[in-house]
Amino acid sequence: MAIVKMKAVTISGQISRFDSIVEKYIYGRDIHLEKAASVLTNRKRLESFEDSNYYETLAKDALSILKFANYEPDADFLADNSMTYEKMQEYIGSINSRIENERTESAELDKKIEENEKTIEQMNLMIDVDEPLEKIFGMEYIAVRFGHISKPSYKTLNTYLENLETVFVKTYENTTDVWGFYFVPLLKKRKVDEVFDSLYFEEEQIDTKHTGIPYEIKKQLRSENEEYKRKKEELSQKTSGMLLDARMTLSGIYNLARKRSQFDEIRRNAVHSDMFFYVVGWMEASEAKKLEKEISQSDDVVIMYFENPDKIKGVSPPTKLKNNFIFRPFEMFVKMYGLPRYGEIDPTPILAITYILFFGIMFGDVGQSAVLAIAGFAAYKIKKLDLGGIIGMVGLAGIVSGFIYGSFFGNEEIIPQLFHIETIKPMESIMPLLIGTVCMGAITIIMGMCLNVANTIRARQYGEAIFGHNGIAGIVFYLGVVLLALNAVLGLGIPGIVIGLMFAVSLLAMYMCEPLSKLVEGNKNWLPKSGMFFVENLFEMFEVVLSFITNTISFLRIGAFAIIHVGMMMAVAALSKSGGVGGAVVMVVGNIIVMVLEALIVAIQVLRLEYYEMFSRYFRGGGKEFVSLKNK
């Protein structure tokens, strides 16, 4: 349950054997690559390799073709290692070319089908016409237009037809419009067109390349479309067969290209001299020893050595968290705030324990918590959601608290009678519950400051560890406040001079934290030269003292939400007193609303306590995540 210890690993070999050495000793390893140029700064005449990502593009192209064919790449099949980039590119290019040709031909057929369907729709509007269209539109002295007009305009048109030298032949009508031809002598066309246009006649452009009566044209076009669809199906089957035959080759190319893409990535991070290359990365100490043993037992001319992180200047090690199955889902919350730096205490176990505890106290109900636990663990098991694991764990905590409170879907009578146990009812124990949560908050804050002392000592920030408001001085001051409160409430008889001395020493240490830290670090100019330092620090000290009080009071929300939960369920019970089906529905719906709404609010409030009251005291973050070449 900690941050994994890392070793900086350097592997070197002859440039001519780069690929074979990388494949044997680096590829597929649990190693985080580092820019070798940033680490090997003490070596001269080292150069970076040329940047390239050709194989990455090739792998993406192969994968896109497989996805297009609804295939997944076969992870167990690898193309012949002797297959060159040019051959792989040529093969994928030929497949893409054949797919593109099929798409082009298919698109042309679709266009013809679309044009025919449009003409068929027009023929349906004149399906009863028994004269060939070429005869209708081919008259020498008569102009013809086909289109539609709204029914109100059609009625108006009928009043004009007697005075116009035109004939309108209706061919089709629906609820809103009338379709038809109108015939007019060429000499009168302009005048008649103006009348029809004024009545919003909309002309349909008829493709005159089709000959015959509309029924025959429609039949012909239907036959053509069936032929076009058959050709499309043949093209599709041909392409599907080609892709099926090419599936394994494409999978092999994809896997090989992806493998060589990782070689390229390793090459981009490596450096070389005239004869040798150098790859630098971070590995777990145990894995580094295994690799060293493997290399030492082989006949390959490969040099490997590893160093502790503190020997590497200017480059920080990556952080790899390693927690058990209970705490692992809570890493999500830690990463949301920021990954811990290498060497920092992993806050995941602390966050997990306190989060589960606080949530359980705030959401104590056996029935509702059981629903949360079942739903959460199901999501974690099926969907592999970390949030599901968190919901499952806090649900279990809520069940435990529910037995303590004696609450089952808001009912506080069932559990005591069924199990014959004494329960604590939040509504009847408001003050003890609130005082208890404040005490819990005080313990949590002290624990956070102790963790900060450990972290700052690890980081060799001894001044901050001793004099900081979250260091030893802050702990002494806060313990003084706690002792003062206990002395007043319980009458412990602790001498006032002891508490006063704790306040005086700790406040002075925190007030002079910056110069005293410089003194501890051996800085000769540790005394502040500006008088503003004392004024600014006075206000800062006021803020620090106030924050101790507000942070402690903030934990009241734990007890408050436990009481609110009971209050909300009492309201639901009151609304469901009518009994019968209506009362049962109110009880079920009320439980669902309370469970969802309060679970969401409690989850946010507990996370707020973790981030603002705890993490802000001891957790700095800013680490970089360990990205394994193996996982890639």
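Being a predicted model, the structure only gives us computed values, none of them experimental.
In this structure, the side chains of Leu291 and Ile11 come closer than 4.5 Å at one or more pairs of heavy atoms. You'll find the side chain of Asp110 reaches within 4.5 Å of the side chain of Lys232, heavy atoms only. In this structure the side chain of Lys218 never reaches within 4.5 angstrom of the side chain of Leu221, judged on heavy atoms. Contact annotation: the side chain of Phe377 approaches that of Leu396 to within less than 4.5 Å [non-hydrogen atoms, C-beta and beyond]. For the pair Phe183 and Val192, the minimum side-chain heavy-atom distance is 4.5 Å or more. In this structure, Gln262 and Tyr55 have side chains that are not in contact, with every pair of non-hydrogen atoms separated by 4.5 Å or more. Two residues are said to be in side-chain contact when any heavy atoms from C-beta on lie closer than 4.5 Å; Leu244 and Ser240 fail this criterion. The shortest distance between side-chain heavy atoms of Met242 and Ile99 falls below 4.5 Å.
Using modelled atom types, no side-chain atom of Arg341 and backbone atom of Gly623 make a donor-acceptor pair closer than 3.5 Å. Side chain of Thr319 to backbone of Pro340: a donor-acceptor contact under 3.5 angstrom is found. Side-chain atoms of Ser369 do not come within 3.5 Å of backbone N or O of Ala397 as any donor-acceptor pair. A donor-acceptor contact shorter than 3.5 Å is absent between the side chain of Ser223 and the backbone of Lys219.
Pairs of residues two or more places apart, or lying in two chains, that qualify as side-chain hydrogen bond (donor to acceptor under 3.5 Å, both in side chains) and include a residue from residues 588-603 are Gln368-Asn591, His565-Glu598.
In this structure, Arg608 forms no cation-pi arrangement with Phe561, as its terminal cationic atom is not both closer than 6.0 Å to the ring centre and no more than 45° off the ring axis.
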Could you check Val9 against Trp282 for side chain to side chain contact (heavy atoms under 4.5 Å, CB included), going step by step and ending with a plain yes or no? CA-CA 6 Å; Val9 177; Trp282 298 95; over 6 Å; no
For the pair Glu234 and Lys229, evaluate salt bridge (charged side-chain N to carboxylate O under 4.0 Å, His left out) and give the outcome as yes or no after the intermediate values. CA-CA 9 Å; Glu234 285 180 358; Lys229 289 176 182 177; over 6 Å; no
Would Arg247 and Asp74 count as a salt bridge (charged side-chain N to carboxylate O under 4.0 Å, His left out) if you check the C-alpha gap in whole Å, the side-chain angles of each, and the deciding distance to 0.1 Å? CA-CA 9 Å; Arg247 179 186 177 185; Asp74 190 336; over 6 Å; no
Stepwise side chain to side chain contact (heavy atoms under 4.5 Å, CB included) check, His210 with Leu133: CA-CA 8 Å; His210 301 290; Leu133 292 185; 5.7 Å; no
With side chain to side chain contact (heavy atoms under 4.5 Å, CB included) as the test, would you mind laying out the steps for Val280 and Val271 before giving the verdict? CA-CA 9 Å; Val280 179; Val271 291; over 6 Å; no
Evaluation steps, side chain to side chain contact (heavy atoms under 4.5 Å, CB included), between Phe68 and Leu243: CA-CA 9 Å; Phe68 171 75; Leu243 290 173; 4.0 Å; yes
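In terms of heavy-atom proximity, Ala270 sits nearest to Val279 at CB-CG2, 3.9 Å. Closest approach of Thr159 to Asn163, counting heavy atoms only: O-ND2, 4.3 Å. The two residues Ser251 and Pro73 come nearest to each other via the heavy atoms OG-CA, 3.5 Å. Smallest separation of non-hydrogen atoms from Tyr254 and Ala59: CD1-O, 3.3 Å. The two residues Ala599 and Phe363 come nearest to each other via the heavy atoms N-CE1, 3.8 Å. Smallest separation of non-hydrogen atoms from Pro214 and Ile127: CB-CA, 4.3 Å.
The pair Lys118-Asp207 does not count as a salt bridge, with every side-chain nitrogen at least 4.0 angstrom from each carboxylate oxygen. By the 4.0 Å N-to-carboxylate-O rule, Arg267 lies close enough to Asp264 to be salt-bridged with it. Using a 4.0 Å cut-off between a side-chain N of Lys or Arg and a carboxylate O of Asp or Glu, Lys151 and Glu173 qualify as a salt bridge. Using a 4.0 Å cut-off between a side-chain N of Lys or Arg and a carboxylate O of Asp or Glu, Lys320 and Asp30 qualify as a salt bridge.
The aromatic rings of Phe333 and Tyr355 sit tilted relative to each other, their planes meeting at an angle between 30° and 60°. Between His272 and Phe49, the ring-plane angle classifies as tilted under the 30° and 60° cut-offs. The aromatic rings of Tyr611 and Tyr337 sit tilted, their planes meeting at an angle between 30° and 60°. Under the 30°/60° scheme for interplanar angles, the aromatic rings of Phe168 and Phe201 are found to stand perpendicular.
Within 6.0 Å of NZ on Lys624 lie more than 12 heavy atoms contributed by other residues, nucleotides or ligands. Within 6.0 Å of the OH atom in Tyr215, the count of heavy atoms belonging to other residues, nucleotides or ligands does not exceed 12. Heavy atoms of other residues, nucleotides or ligands lying less than 6.0 angstrom from CD of Glu114 number 12 at most. The local environment of CZ in Arg268 is crowded, with over 12 non-hydrogen atoms from other residues, nucleotides or ligands closer than 6.0 Å. Summarising the local packing, OH of Tyr200 is surrounded by 12 or fewer heavy atoms from other residues, nucleotides or ligands at distances under 6.0 Å. Counted within 6.0 Å of CD on Glu227, heavy atoms from surrounding residues, nucleotides or ligands total more than 12; the atom is thus considered enclosed. Under a cut-off of 6.0 angstrom, the local environment of CD in Glu165 is sparse, with at most 12 non-hydrogen atoms contributed by other residues, nucleotides or ligands.
Distance check, rounded to the nearest 0.5 Å: CG of Leu629 to CD1 of Ile266 gives 5.0 Å. The distance from atom CE of Met123 to atom CD1 of Ile120, rounded to the nearest 0.5 Å, is 9.5 Å. Going from atom CG of Leu157 over to atom OG1 of Thr166 covers 8.0 Å, rounded to the nearest 0.5 Å. A distance of 6.0 Å separates CG in Leu199 from OG1 in Thr156, rounded to the nearest 0.5 Å. If you take CG on Leu250 and CD1 on Ile95, they are separated by 5.5 Å, rounding to the nearest 0.5 Å. If you take CD1 on Ile31 and CG on Leu33, they are separated by 5.5 Å, rounding to the nearest 0.5 Å.
Donor-acceptor pairing under 3.5 Å is lacking for the side chains of Asp61 and Asn96. Side-chain polar atoms of Tyr27 and Asp19 form no donor-acceptor pair below 3.5 angstrom. Side-chain contact annotation: Gln220 with Glu216, donor-acceptor N/O pair under 3.5 Å absent.
The one candidate from Ile136, Thr171, Val169, Ile213 that meets the side chain to side chain contact (heavy atoms under 4.5 Å, CB included) condition with Met126 is Thr171. Of the options Tyr154, Trp179, Phe181, a ring pair (Phe, Tyr, Trp, His ring centres under 6.0 Å) to His148 is made by Trp179 and by none of the others.
Take Glu108 and apply the side-chain contact (heavy atoms from CB on, under 4.5 Å) test, not counting sequence neighbours, and it matches Thr104.
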